[in-house]
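A short write-up of the structure that comes next.
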Amino acid sequence: MKALEELAFKLLELLARSLNLRPDRLHGFFEHPTTFFRLNHYPPCPSPDLALGVGRHKDPGALTILYQDDVGGLDVRRRSDGEWARVKFVPDSFIINVGDTMQVWSNDRYESAEHRVSVNREKARFSMPYFFNPATDAVVEPLGELVGEEDPPRYSAYSWGDFFRTKLSGNYKKLEVENLHIEHFRKGLEGA
Ligand SMILES: O=C(O)CCC(=O)C(=O)O
Ligand SMILES: [Fe+2]
């Protein structure tokens, strides 16, 4: 767990640098993080066309470090054509997923990737996501350094704690439905 945390902070630093921010600019949001680790087991399914392991969603936090086994089933929505693309298994590697919080901090320079998990008839699948999430009292909004007259903030500030609680109660429905996501905080769409 310590190694995952170190990797998460390293990635956070690289993301900050890529946005021309101080390397430790985002660290303060993670002093009492709501980070958690989950072990997922997807048993074989007799009707894989009729079911999903996890319905379509975006991870709400800052970033996700995911280990998946060689069975496969993680699909990511391709931006170019909106089709679901299977994420290939690469031995000894992690999949890094940018979450909603990073999208808002970066004022849309980074985009949270929509994904889902398909199931199959033959093999059970295991995966292990580590969700690197800010503190409950963190207020999430586009970072001051990344907005200006030319590029006004695209989201209203919201409480990570409230957002996360709502997410946890409604997310991971095994249905092709949209859940609460940051688009609800996009400016001009409040209350829509
Ligand atoms: O099992 C996977 O590969 C991903 C699971 C997932 O997207 C999630 O738990 O948020
Ligand atoms: Fe996910």
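Just follow the structure's listing: the first ligand is 1, and inside any ligand the first atom is 1. Residues take their numbers from the sequence shown, with the count starting at 1. Values reported hereafter were calculated over all heavy atoms of this structure, with side chains retained and with hydrogens, waters and symmetry mates removed.
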Numbering as shown, the atoms of ligand 1 that approach [X] to under 4.0 Å (heavy-atom distance):
X	result
H57	6 (C), 7 (O), 8 (C), 10 (O)
R38	8 (C), 9 (O), 10 (O)
Y42	1 (O), 2 (C), 5 (C)
D59	10 (O)
S127	1 (O), 2 (C), 3 (O)
R125	1 (O), 2 (C), 3 (O)
N40	1 (O), 5 (C), 9 (O)
F131	8 (C), 9 (O), 10 (O)

Is it true that [X] and [Y] make a salt bridge, defined as a side-chain N closer than 4.0 Å to a carboxylate O?
X	Y	value
R186	D108	yes
E114	R56	yes
R22	E145	no

Q: Please work out which of the three classes, parallel, tilted or perpendicular, describes the rings of F164 and F36, given edges at 30° and 60°.
A: tilted
(Q) Angle between ring planes, H27 versus F9, binned at 30° and 60°: parallel, tilted or perpendicular? (A) tilted
(Q) For N/O/S atoms only: which one belongs to H115 and is nearest the Fe ion (ligand 2)? (A) NE2
Q: Restricting to N/O/S, name the atom of D59 that gets closest to the Fe ion (ligand 2).
A: OD1
Q: Could you tell me whether some N/O pair between Q68 and ligand 1 is separated by less than 3.5 angstrom?
A: no
Considering only heavy atoms from C-beta outward, does the side chain of [X] approach that of [Y] to under 4.5 Å?
X	Y	value
L66	M128	no
D151	L146	no
E5	Y130	yes

Q. Quick one: which of D100, T64, D59 gives a side-chain hydrogen bond (donor to acceptor under 3.5 Å, both in side chains) with S112?
A. D100
**Q.** L66 contact mode with ligand 1 (heavy-atom cut-off under 4.0 Å)
**A.** side chain
Q | Selected option - heavy-atom contact closest to atom 7 (O) of ligand 1, from H41, R116, H115 | A | H115
